Number of protein chains: 2
Amino acid sequence: MTALPVQGALTAPAEDCLKAIYDLERSGQGAAVTTNDLAHRLDLAAASVTGMVKRLADQGLIDHAPYRGVRLTESGRRAALRTLRRHRVIETYLVQVLGFGWDRVHDEAERLEHAASDELVDRMAASLGDPATDPHGAPIPTREGGIAELPAARPLAELAEGERGVVARVEDEDADRLRYLASLGVVPGVEVEVVERAPFGGPVSLRVAGTPRLIGPQLAAQVMVA
Amino acid sequence: MTALPVQGALTAPAEDCLKAIYDLERSGQGAAVTTNDLAHRLDLAAASVTGMVKRLADQGLIDHAPYRGVRLTESGRRAALRTLRRHRVIETYLVQVLGFGWDRVHDEAERLEHAASDELVDRMAASLGDPATDPHGAPIPTREGGIAELPAARPLAELAEGERGVVARVEDEDADRLRYLASLGVVPGVEVEVVERAPFGGPVSLRVAGTPRLIGPQLAAQVMVA
DNA sequence: GGAAAGATTTAGTGTGACCTAAACTATTCT
DNA sequence: AGAATAGTTTAGGTCACACTAAATCTTTCC
Ligand SMILES: [Mn+2]
Ligand SMILES: [Mn+2]
Ligand SMILES: [Mn+2]
Ligand SMILES: [Mn+2]
């Protein structure tokens, strides 16, 4: 009846931290990930991050240069990708098989990713035909630990007037935002055209599948188009 | 990205403990559940159980008479049944939809039961047509917290020679045992007849769907027939 | 070059969950 | 009844993970 941890025994907070480091490493070009970035991302006090970071470094999952930041080791990267795979397979399964809305699956996956076995995740993936991306357009790592580096997507906010592109991916952490984007028709796979960009942080006017739409610049920064 | 507990915030060990108390209360006729029983069931030191029991009592989930044992309160019973529902729905889903063997789902469910939301469990149940029992024959509590009290099943070990019955339920915690029972054809719904019972804890000889089989007495004690 | 600002780590607390060993209670047996 | 036994709780320790407050390090800016 006792619930043993599922694998080589990483805790849920440790897995979430590795995932966050992975993500921040990817977005920040090659720079080490700072304590503050992590604290903000994980919604923790900076001191708590330092503690977690020490434990992860002891386990050889990250390299920590005090005051300088943190970098995943090879084994840390593998662990991060395993968690990411679980998360994204679960999200996809919840949407495609169980009928969840795309705005509700992130939180559920955030918990289940730490409890599901590899076998469960593999069975879910197989029953979906081993999808390449999750419902928000993020690539799903393979069982073997590979990940398709998404082909050059830019934030919608950076497109010039008149440029078009296909929505490749949207940030998935905020349910309200996702619901709003869906209501505008801004979902992965849809073609958008930037009609006009107001200066000084003004709204971006779009044509989404023919319909004219206006969105704010910070939202436009979180929609990636290819 | 942070993983908050899913509900009114019971921890996984607390949920497992409540489940164990529920189960022991049901099998031990009306008597209070002792620390030792719980320790054995949960595979913990007795002192650890005392600690857990204190916390649960503080939360009003159990009544604890020191040195005398423990009893679920109404709210503790509700919490136990909610966890039990999750566990059994998940087991059933894993077997029926994802093709897991019935011997492999218990451990998986033991973890997932603490991470899955009510909505997820309800969707799983709905997609199965709200089944009444799990793959091992145990009744699945309803969303509303009711549970069908299984109609008078007796251990196979207690049947007299010549008696027949239908397997109603088997203990699900030991994977090896489940595999063995399946190999004998002893699964819920199958008719068995006791041909002969050797005295002094000797083997029970059965006829399972026509085929003669021999099983040991302690195994026979864990197969319930109706 | 030095001070201020900002980021990071250390120090000290608290909680839940485990453990072992010691103290205590209840029951059972002479 | 009194003593042994079995069961239970208390005492004291550890670990992960959070927090706040206080030090400390780095960077930036005059
Ligand atoms: Mn997500
Ligand atoms: Mn998570
Ligand atoms: Mn089970
Ligand atoms: Mn459990």
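Residue numbers begin at 1 in each chain, while the letters A, B, ... track the order of the sequences. Predicted model, so just to flag it, every value in this text is computed and none were measured.
Distance B:Leu42 CG to C:dA17 C1': 12 Å, rounded to the nearest Å. Distance, A:Leu56 CG to D:dA18 C1': 15 Å, rounded to whole Å. Protein atom CD of B:Gln59 is 13 Å distant from nucleotide atom P of C:dT15, rounded to whole Å. Atom CG in B:Leu38 sits about 10 Å away from atom P in D:dT9, given to the nearest Å. With rounding to whole Å, B:Leu10 atom CG is found 15 Å from C:dA17 atom C1'. The distance between atom CD of B:Glu15 and atom C1' of C:dG16, rounded to the nearest whole Å, is 14 Å.
The side chain of B:Lys54 contributes no N or O atom lying less than 4.0 Å from OP1 or OP2 of C:dG16. OP1 or OP2 of C:dC19 has at least one side-chain nitrogen or oxygen of B:Ser48 nearer than 4.0 Å. For the OP1/OP2 pair of D:dT9 and a distance below 4.0 Å, the side-chain nitrogens and oxygens of B:His64 include at least one atom meeting the criterion.
Here B:Asp107 pairs with nothing under the side chain to side chain donor-acceptor pair (under 3.5 Å) rule; sequence neighbours left out. For A:Arg197, there are no side chain to side chain donor-acceptor pair (under 3.5 Å) partners two or more places apart in sequence or in a different chain. Under the rule for a salt bridge (Lys or Arg N to Asp or Glu O under 4.0 Å), A:Glu144 has no partner lying at least two apart in sequence or in another chain. Applying the side chain to side chain donor-acceptor pair (under 3.5 Å) rule to B:Arg177 yields the partners B:Gln222; only residues at least two apart in sequence or on another chain are considered. Listed by chain and number, the residues in a salt bridge (Lys or Arg N to Asp or Glu O under 4.0 Å) with B:Asp130 amount to none (sequence neighbours excluded). Judged as a salt bridge (Lys or Arg N to Asp or Glu O under 4.0 Å), and not counting sequence neighbours, the contacts of B:Arg26 are B:Glu149.
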Next on the checklist: Run the side-chain hydrogen bond (donor to acceptor under 3.5 Å, both in side chains) test on B:Asp16 and B:His114 for me, step by step, so that the C-alpha distance in whole Å, both residues' side-chain angles and the decisive distance to 0.1 Å come before the verdict.
Outcome noted: CA-CA 9 Å; B:Asp16 284 336; B:His114 312 293; 3.0 Å; yes
Next on the checklist: I'd like to know whether B:Arg143 forms a side chain to side chain contact (heavy atoms under 4.5 Å, CB included) with B:Asp118, so could you lay out the CA-CA distance, the side-chain angles of the two residues, the decisive distance to 0.1 Å, and finally the verdict.
Outcome noted: CA-CA 8 Å; B:Arg143 201 174 4 275; B:Asp118 280 334; over 6 Å; no
What's touching nucleotides 24-27 of chain D from the protein side, N or O pairs under 3.5 Å?
| residue | atom | partner | partner atom | Å |
| --- | --- | --- | --- | --- |
| D:dT26 | O3' | A:Arg68 | NH2 | 3.3 |
| D:dT27 | OP1 | A:Arg68 | NH2 | 3.3 |
| D:dT27 | OP2 | A:Arg68 | NH2 | 3.3 |

Pull out every protein N or O sitting under 3.5 Å from an N or O of nucleotides 14-17 of chain D, one pair per line with the distance.
| residue | atom | partner | partner atom | Å |
| --- | --- | --- | --- | --- |
| D:dC17 | OP1 | A:Thr11 | OG1 | 2.2 |
| D:dC17 | OP2 | A:Arg55 | NH1 | 2.2 |
| D:dC17 | O5' | A:Arg55 | NH1 | 3.2 |

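Pairs of residues two or more places apart, or lying in two chains, never qualify as salt bridge (Lys or Arg N to Asp or Glu O under 4.0 Å) while including a residue from residues 29-39 of chain A.
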I'd like a table of donor-acceptor pairs (distance under 3.5 Å, sequence neighbours excluded) in which one partner is a side-chain atom from residues 63-72 of chain A, with atom names and distances.
| residue | atom | partner | partner atom | Å |
| --- | --- | --- | --- | --- |
| A:Arg71 | NH1 | A:Gly30 | O | 2.7 |

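A distance of 11.0 Å separates OG1 in A:Thr83 from CZ in A:Arg88, rounded to the nearest 0.5 Å.
With a 6.0 Å cutoff to the six-membered ring centre and a 45° limit on the axis angle, B:Arg77 does not count as a cation-pi contact of B:Tyr22.
Looking at every heavy atom in both residues, B:Asp103 comes nearest to B:Ala175 through O-CB, 3.2 Å.
Judged by distance alone, the side chain of B:Arg41 and the main-chain N or O of B:Ala20 form no donor-acceptor pair under 3.5 Å.
DNA chain C lies under 4.0 Å from no heavy atom of any residue of residues 69-81 of chain A. Within residues 30-37 of chain B, no residue has any heavy atom closer than 4.0 Å to DNA chain C.
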